[in-house]
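Take a look at the structure below.
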There are 2 protein chains.
Amino acid sequence: MCPIRDIVARISDKWSVLAIYGLGGYGKLRFNELKHKIGDISQRMLTVTLRNLEADGLITRTIYPQVPPRVEYELTELGHSLMQQLQLFAEWATKNGPEIIYYREKANKVIKDRIA
Amino acid sequence: MCPIRDIVARISDKWSVLAIYGLGGYGKLRFNELKHKIGDISQRMLTVTLRNLEADGLITRTIYPQVPPRVEYELTELGHSLMQQLQLFAEWATKNGPEIIYYREKANKVIKDRIA
DNA sequence: CAGTATCCTCGTTGATACTG
DNA sequence: CAGTATCAACGAGGATACTG
């Protein structure tokens, strides 16, 4: 319905963000290189995520007809634009994250106290 | 592990964003007022979402000891700060959303063509 | 190497019913 | 009014095995 809600849904996906960050920070990457940068992503989810990002015009997928296969992923201009937005948000999170964590732990403590 | 990832996870939640937007746009709101603004959220999910946001110090929850009960929710300063970040992102989405939608539909078309 | 195909689990969500 | 409690369903996501 709402277009913004639609975009946010795709963007807010954990794996999408990590993939974009990976490509944004290192430029062109092969499948397993990116997988290694992200670390704890399954092969399946990386494939799905990359296909979605490609369908949205955020990354390009270049296949080199070799054996063994070589596929490289890279942010498009649109992808870089999004990356910059994410970067802005990351700065906010870095600055305000500790305060949120502080409140969150304080709330947890209350719960623990109730149990005890 | 990563604190940013942690914050993003909470922020990227669909209902959290909509609740923050509701409170950001209308100021102080009662439970059912907010529920109505959001529209398609279940009572349960609104309760859960608001509790989480409260625990993170993003909103305040004020109970007025009356019958029937009256509870008001409002963004904290931290919540407003986050709201501004979301606003920035919304602007980006408004500007670039159509392009993403365009690519996405084009990709869907290809898939449909393959099936046909 | 870069996937695809399958299965299976686990968490999130929604519906429903009840309450201070 | 503003919840809480419970349950059931659904789908995202992980593990594994196979392939061009």
Side-chain angles (χ1 to χ4, degrees), chain A residues 1 5-6 8-20 22-23 26-56 59-74 107 110-111 114-115, chain B residues 1-2 5-6 8-19 22-23 26-56 59-74 107 110-111 114-115:
Chain A
M1 311 246 192
R5 217 188 268 199
D6 207 39
V8 171
R10 177 68 42 95
I11 295 326
S12 69
D13 175 56
K14 175 187 172 188
W15 297 129
S16 295
V17 174
L18 294 175
I20 290 170
L23 294 175
Y26 297 95
K28 201 173 292 188
L29 285 180
R30 300 180 62 173
F31 186 87
N32 277 327
E33 286 173 341
L34 180 55
K35 185 172 187 300
H36 197 255
K37 298 292 181 196
I38 297 178
D40 58 341
I41 187 172
S42 67
Q43 196 173 28
R44 197 183 94 90
M45 287 319 295
L46 183 54
T47 301
V48 171
T49 301
L50 291 172
R51 291 291 194 278
N52 285 336
L53 293 176
E54 187 194 7
D56 281 3
I59 65 172
T60 57
R61 178 167 177 267
T62 310
I63 308 171
Y64 297 89
Q66 304 174 353
V67 178
R70 174 188 185 83
V71 180
E72 288 185 339
Y73 295 90
E74 194 175 14
V110 172
I111 294 172
R114 270 194 216 138
I115 295 170
Chain B
M1 311 244 190
C2 171
R5 217 189 268 199
D6 207 39
V8 171
R10 177 67 44 94
I11 295 326
S12 70
D13 174 56
K14 173 188 173 187
W15 298 131
S16 294
V17 174
L18 293 175
L23 294 175
Y26 297 96
K28 200 174 292 185
L29 285 179
R30 300 181 61 174
F31 186 87
N32 276 328
E33 286 172 341
L34 180 55
K35 185 172 186 301
H36 197 255
K37 298 292 181 196
I38 296 178
D40 57 341
I41 187 174
S42 68
Q43 194 172 31
R44 199 184 94 89
M45 287 319 295
L46 183 54
T47 302
V48 171
T49 301
L50 290 172
R51 290 291 194 278
N52 285 336
L53 293 176
E54 188 193 7
D56 282 2
I59 64 171
T60 57
R61 178 166 176 267
T62 311
I63 307 171
Y64 297 88
Q66 304 174 352
V67 177
R70 174 187 185 84
V71 181
E72 288 185 339
Y73 295 91
E74 196 175 13
V110 173
I111 294 171
R114 270 194 216 137
I115 295 172

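Below, chain A is the first sequence line, B the second, and so on; all start at residue 1.
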### Steps toward side-chain contact (heavy atoms from CB on, under 4.5 Å) verdict (B:Lys35, B:Ile41)
CA-CA 7 Å; B:Lys35 185 172 186 301; B:Ile41 187 174; 4.2 Å; yes
### Qualifying residues under side-chain hydrogen bond (donor to acceptor under 3.5 Å, both in side chains), relative to A:Asn52, sequence neighbours excluded
none
### Task
Using a 3.5 Å limit on both pairing distances, list the dot-bracket string of DNA chain D from the 5' end; Watson-Crick and G-U wobble pairs count, crossing pairs take [ ], interstrand pairs take |.
||||||||||||||||||||
### Message
What is the separation between atom NZ on B:Lys14 and atom P on C:dT13, rounded to the nearest whole Å?
### Response
9 Å
### Query
For the pair made of CD in A:Gln66 and C1' in D:dG20, what is the distance, rounded to whole Å?
15 Å
### Query
Has A:Tyr73 got a side-chain N or O lying under 4.0 Å from the OP1 or OP2 atom of C:dG3?
yes
### Query
At their closest point, which heavy atom of B:Leu29 faces which heavy atom of B:Gly22, and how far apart are they?
CD1-O, 3.9 Å
### Task
Between C:dG3, D:dG3, D:dG20, spot the one nearest the side chain of B:Phe31, thanks.
D:dG3
### Query
5'-most contact on DNA chain D: B:Arg70 or A:Arg44, nearest heavy atom basis?
B:Arg70
### Message
Once you apply a heavy-atom cut-off of 4.0 Å, does B:Tyr64 come out as touching a base, just sugar-phosphate, or nothing?
### Response
nothing
### B:Glu33 CD to D:dG3 P, straight-line distance once rounded to whole Å
13 Å
### Task
Find out whether B:Leu50 and B:Leu34 are in side-chain contact, i.e. whether some heavy atom of one side chain is under 4.5 Å from a heavy atom of the other.
yes
#### Entry: DNA chain D contacts among residues 45-55 of chain A, heavy-atom distance under 4.0 Å
A:Met45
### Query
Quick one: B:Trp15 CH2 to C:dT12 P, roughly how many Å, whole number?
15 Å
### Task
Let me know the distance between CD1 of B:Ile63 and C1' of D:dG3, rounded to the nearest Å.
10 Å
#### Entry: Comparing A:Pro68 and A:Ile41 on DNA chain D - which has the more 5′ nearest nucleotide
A:Ile41
### Task
Name the nucleic acid region contacted by A:Asp40, choosing base, sugar-phosphate or nothing; use a 4.0 angstrom heavy-atom cut-off, strictly under.
nothing
### Task
May I ask you to say what A:Gln43 touches in the nucleic acid, namely base, sugar-phosphate or nothing, with a heavy-atom cut-off under 4.0 Å?
base
